[in-house]
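These notes concern the structure reproduced below.
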Amino acid sequence: MSPVRVRFAPSPTGFFHIGSARTALFNWLYARHTGGTFILRIEDTDKERNSDEFLRVIYDSLAWLGMNWDEGPRVGANGGGDFGPYRQSERAHIYREYLEKLRAAGRTYEKDGATWFKLLGERHTVFDEHRKKEVEKVKTAPMVIDDAIRGRVERVEDEDFVIFRSDGNPVFHFVNVVDDIAMKITHVIRGEDHLSNTSKHVALFEAFGVKPPVFAHIPLILKQNGPGKMSKRDQGALIEEYQRRGYLPEAVVNFITLLGWNPGGDREKMPIEEIVRLFDLPAVNQSNARFDDKKMAHMNMLYLLALPPAEFTAKARAYFEARKVATGGADDAYFEAVMALAQPKIKGIEELPAYTAYFWGEDYPTDEKAKAKALAKGEPKARLAELIEALRSPAADFASDTALEALIKSLAEARGLGFGDYQGVARIAVTGLSAGPSLTSILRLLGRERVLARLERFVATL
RNA sequence: GUCCCUAUCGUCUAGUCUGGUCUAGGACACUACCCUUUCACGGUAAGAACCGGGGUUCGAAUCCCCGUGGGGACGCCA
């Protein structure tokens, strides 16, 4: 069998969304699994709707997700190849050439200034309910689609269709097939929304005398709420959104791979090498999958938890810089120490600024509801006074969590109380929050001076 | 309206090809409890599904047919 050649063929007419990303991913996975070639082809024949910004988003998103292309537009380390150019806007001469082949074979005609592809068979006219007009139908044999996911699908293509617009530009169906022939594509992996177009494509392949590639129509991703497939406007649809929010690309890749494919059994979190090894077309599901942002967030948390602390810190640093989150001139060691406390606790990088706000300066928000709750029980004023006194003593060792813990515990024991009687009120006083890392770790990082100042300032407001 | 695809917990799915091992497994979410220094994490438990009807068969989640539901396509968009 000839080596696998697959392509991802986006059109830069909108932001890169999750469905496109998964189509790209399945192509990339199949190429890597089979040792084949992954080709990026830009379908920019619709000049009105294309933009360079969208093109850049495609390149960025693919790179971010780790999908390198072997052939295609040259960007960074990716691209090049012998079947270029890889942007359809630069392939006009090739389309002309292929059009001549069809013309010579008598398979085209002109109508209303456009060039049409002529189906073979008897013709008759019927009234079309959907389009509310008379249309010419052609009696043809069903087109056979050999689909690696759905098996054999038959569909009758019974109307001629435009292949060159009256403005002289070729349309999608034509360029798609011509390029797949010219680029020697062996497997066409794309969304199921193209399944009904495929009969047109098979008709074109046959007209060119070329055996069609193997098709693989993957199920669609449905929107989380409401009917229909996911579109660019839906919450969670845009890849660059995940990038911006500090999601880990490995987690995004792992999650969207599982939307429509799985290796069988219970495995979910898998390194990409493992996914490449196990991925295959027949295992792809045939039914659509609904997007679930909670499960996506959970997968991200799993990856976050497994990240080496130094990498977590680097990601956090990059996120803080991109978002211009001030850290009060914190040095690397302090930043790293704070992140070490936060990493096992949070679900996403985006939670970090709010979760760690009180570490960077004295200007942090207080959760008033939590404050009221913490003050409602016991004798908070007395507990704070005792704590201040104890922490002021030179005997309080702010370098050690266990020493601080022992100190508070002995304070509690002497009064027949528990650690919790100090923990809650001290936490709200020092962090403004009711939840966070271990209190003693917070005290240690903040240091005696800042802790005492905050406690005293807090007591003064009571 | 026509054509095509599809159907297991609320959601993602395992199991379907090769019928019996399925009183249908896992994960997310939800609930309770445990762990605990709050919050997470983790652990335990609970609830939760084979769309309906026919057929084939000793036996159907699994094979076939018909409904129904869901999705897609029907552009001089891609």
Side-chain angles (χ1 to χ4, degrees), chain A residues 9-14 43-46 48-50 88 111-116 126-132 135 142 145 147 149-151 153-159 161-173 175-176 191-200 217 219-220 222 224 227-229 255 258-269 282 285-299 301-302 305 342-347 351 355 370 374 405 408-409 418-424 426-428 431 433-442:
Chain A
S11 75
T13 56
E43 306 220 331
D44 55 353
T45 54
D46 184 359
E48 303 275 301
R49 296 171 50 198
N50 285 295
Q88 291 183 333
K111 191 174 96 184
D112 304 329
T115 305
W116 294 65
V126 298
F127 185 78
D128 185 291
E129 286 293 336
H130 178 72
R131 283 170 287 183
K132 308 286 179 221
V135 294
I145 299 160
D147 196 291
I149 294 169
R150 286 151 213 287
V153 177
E154 281 190 12
R155 188 172 183 279
V156 176
E157 190 59 42
D158 61 358
E159 276 178 48
F161 53 91
V162 171
I163 51 177
F164 268 74
R165 291 191 275 260
S166 50
D167 66 4
N169 287 308
V171 305
F172 162 73
H173 302 299
V175 295
N176 196 268
E192 201 215 79
D193 48 347
H194 284 295
L195 189 51
S196 358
N197 290 329
T198 306
S199 44
K200 283 188 179 64
H217 287 96
L220 302 179
L222 270 25
Q224 180 151 247
K229 62 174 174 172
F255 175 77
L258 258 18
L259 238 33
W261 174 85
N262 74 80
D266 299 339
R267 297 206 60 189
E268 291 199 340
K269 181 170 181 280
N285 294 147
Q286 303 177 35
S287 59
N288 297 338
R290 200 170 290 279
F291 178 75
D292 182 356
D293 61 353
K294 287 229 177 69
K295 188 146 189 174
M296 170 83 169
H298 180 260
M299 183 63 82
M301 182 202 69
L302 257 26
L305 243 27
Q343 183 177 5
K345 300 285 205 164
I346 57 158
K347 249 180 148 60
E351 293 172 12
Y355 194 79
E405 187 179 337
I408 296 174
K409 277 191 171 151
F419 187 99
D421 291 294
Y422 295 85
Q423 192 272 143
R427 177 182 297 280
I428 196 79
T431 72
L433 300 170
S434 60
S438 137
L439 176 70
T440 49
S441 300
I442 294 170

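Convention: sequence-line order gives letters A, B, ...; per-chain numbering from 1. Values reported hereafter were calculated over all heavy atoms of this structure, with side chains retained and with hydrogens, waters and symmetry mates removed.
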Worksheet item: Looking across every strand, which nucleic acid part, if any, lies under 4.0 Å from A:Ala289 by heavy atom: base, sugar-phosphate, or nothing?
Response: sugar-phosphate
Practice prompt. May I ask you to say what A:Asn285 touches in the nucleic acid, namely base, sugar-phosphate or nothing, with a heavy-atom cut-off under 4.0 Å?
Written response: sugar-phosphate
Discussion item. Nearest 0.5 angstrom please: A:Ser199 OG to A:Ile145 CD1, how far?
Written reply: 5.5 Å
Fill in: Whether A:Asp421 side chain and A:Gly418 backbone form a donor-acceptor pair below 3.5 Å
yes
Discussion item. If I pick the C1' atom on B:rG47 and the same atom on B:rU11, what distance separates them, to the nearest angstrom?
Written reply: 16 Å
Worksheet item: Cation over ring, A:Lys345 on A:Tyr355, under 6.0 Å and within 45°?
Response: no
Worksheet item: Do any N or O atoms from the side chain of A:Arg165 and from the backbone of A:Val171 form a donor-acceptor pair under 3.5 angstrom?
Response: no
Discussion item. Roughly how many Å apart are B:rU16 and B:rA24, using the C1' atom of each and rounding to a whole number?
Written reply: 12 Å
Worksheet item: Could you state the CH2-P distance from A:Trp116 to B:rC76, rounded to the nearest angstrom?
Response: 6 Å
Worksheet item: Looking at B:rC39, B:rU37, B:rC76, which one has an atom nearest to any side-chain atom of A:Gln423?
Response: B:rU37
Worksheet item: At under 4.0 Å between heavy atoms, what does A:Glu154 touch on the DNA or RNA strands: base, sugar-phosphate, or nothing?
Response: sugar-phosphate
Worksheet item: Looking only at atom P, what distance separates B:rG25 and B:rC51, rounded to whole Å?
Response: 16 Å
Worksheet entry | G-U wobble or Watson-Crick pairing nucleotide for B:rA73 (cut-off 3.5 Å, both distances) | B:rU2
Response to the item:
To the nearest angstrom, the CG-C1' distance between A:Asp293 and B:rG10 comes to 14 Å
Worksheet item: Which nucleotide in the list B:rU11, B:rC12, B:rC41 gets nearest to the side chain of A:Lys347?
Response: B:rC41
Item to complete: Test for a donor-acceptor pair under 3.5 Å between the base of B:rU37 and the side chain of A:Lys409, counting only N and O atoms.
Response: no
Practice prompt. For A:Asn285 and A:Ser287, indicate whether the former's side chain and the latter's backbone hold a donor-acceptor pair under 3.5 Å.
Written response: no
Item to complete: Could you grab the distance from atom CE of A:Met296 to atom CG of A:Leu259, nearest 0.5 Å is fine?
Response: 9.5 Å
Worksheet item: With a 4.0 Å cut-off on heavy atoms, is A:Gly436 in touch with a base, just the backbone sugar-phosphate, or nothing at all?
Response: base
Fill in: Check: A:Lys295 side chain, B:rA27 base, donor-acceptor under 3.5 Å
yes
Discussion item. Looking at B:rG47, which nucleotide sits across from it as a Watson-Crick or G-U wobble partner, both distances under 3.5 angstrom, or is there none?
Written reply: none
Fill in: Nearest atoms (heavy-atom pairs only) where A:Asp44 meets A:Gln88
OD1-N, 3.2 Å
Response to the item:
Whole-Å distance, A:His217 NE2 to B:rC5 P, equals 12 Å
Worksheet item: Between atom CD in A:Gln224 and atom P in B:rC12, what is the gap in whole Å?
Response: 10 Å
Discussion item. What's the closest nucleotide to the side chain of A:Lys294 if the choices are B:rG26, B:rC76, B:rA29?
Written reply: B:rA29
Discussion item. Keeping A:Arg155 on the side-chain end and A:Thr198 on the backbone end, is there a donor-acceptor pair under 3.5 Å?
Written reply: no
Practice prompt. With C1' as the reference atom in both, quote the distance from B:rA29 to B:rA49 in angstrom, rounded to an integer.
Written response: 16 Å
Worksheet entry | P gap between B:rC17 and B:rC64, integer Å | 9 Å
Worksheet item: Do A:Ser438 and B:rU38 share a donor-acceptor pair, side chain to base, under 3.5 Å?
Response: no
Worksheet entry | B:rU21 versus B:rG59 - spacing of their C1' atoms, nearest Å | 14 Å
Worksheet item: If you check the A:His298 side chain, which of B:rC28, B:rA7, B:rU38 turns out closest?
Response: B:rC28
Worksheet item: Expressed in angstrom and rounded to an integer, what is the separation of A:Asn262 atom CG from B:rC12 atom P?
Response: 13 Å
Discussion item. Strictly below 4.0 Å: does A:Thr45 bring a side-chain N or O up to OP1 or OP2 of B:rA78?
Written reply: yes
Worksheet item: Who are the salt bridge (charged side-chain N to carboxylate O under 4.0 Å, His left out) partners of A:Glu268, not counting sequence neighbours?
Response: A:Lys295
Worksheet item: Looking only at side-chain N and O atoms, does A:Gln286 come under 4.0 Å of OP1 or OP2 in B:rC5?
Response: no
Worksheet entry | Watson-Crick or G-U wobble partner of B:rC17, both distances under 3.5 Å | none
Discussion item. Between A:Leu259 and A:Arg427, which residue's closest nucleotide on RNA chain B lies nearer the 5′ terminus?
Written reply: A:Leu259
Discussion item. Using OP1 and OP2 only, check whether a side-chain N or O of A:Arg165 sits under 4.0 Å from B:rC77.
Written reply: yes
Practice prompt. List for me each residue that meets side chain to side chain donor-acceptor pair (under 3.5 Å) alongside A:Asp293, sequence neighbours excluded, and say none if there are none.
Written response: A:Gln224
Practice prompt. Determine the contact category for A:Gly260: base if any of its heavy atoms lies under 4.0 Å from a base atom, sugar-phosphate if only primed atoms, P, OP1 or OP2 are that close, otherwise nothing.
Written response: sugar-phosphate
Worksheet item: Base, sugar-phosphate alone, or nothing: which one does A:Ser434 contact when heavy atoms must sit under 4.0 Å apart?
Response: base
Worksheet entry | Spacing of A:Lys347 atom NZ and A:Leu305 atom CG [to the nearest 0.5 Å] | 10.0 Å
Worksheet item: Taking NZ from A:Lys111 and P from B:rG75, how many angstroms apart are they, rounded to a whole number?
Response: 12 Å
Worksheet item: Among the nucleotides B:rU6, B:rA78, B:rG1, which one has an atom lying closest to any side-chain atom of A:Ser287?
Response: B:rU6
Discussion item. From CG of A:Asp421 over to P of B:rU38, roughly how many Å is that when rounded to an integer?
Written reply: 12 Å
Worksheet item: Can you tell me how far P of B:rG26 sits from CG of A:Leu258, to the nearest Å?
Response: 17 Å
Discussion item. Between B:rC58 and B:rU13, how many Å separate the two P atoms, rounded to a whole number?
Written reply: 36 Å
Do any N or O atoms of the protein come closer than 3.5 Å to N or O atoms of nucleotides 66-74 of chain B, and which pairs are they?
unit_1, atom_1, unit_2, atom_2, d
B:rG71, OP1, A:Gly228, N, 3.0
B:rG71, O2', A:Asn288, ND2, 2.8
B:rG72, OP1, A:Lys229, N, 3.1
B:rA73, OP1, A:Lys229, NZ, 3.4
B:rA73, O4', A:Ser196, OG, 3.1

Practice prompt. Measure from the side chain of A:Thr440, starting at C-beta and using heavy atoms only, and say which of B:rC4, B:rC39, B:rU37 lies closest.
Written response: B:rU37
Worksheet item: If we take the C1' atom in both B:rA14 and B:rA61, what is their distance in whole Å?
Response: 12 Å
Worksheet item: Given that A:Tyr355 and A:Pro10 both sit by RNA chain B, which one's nearest nucleotide is further toward the 5' end?
Response: A:Tyr355
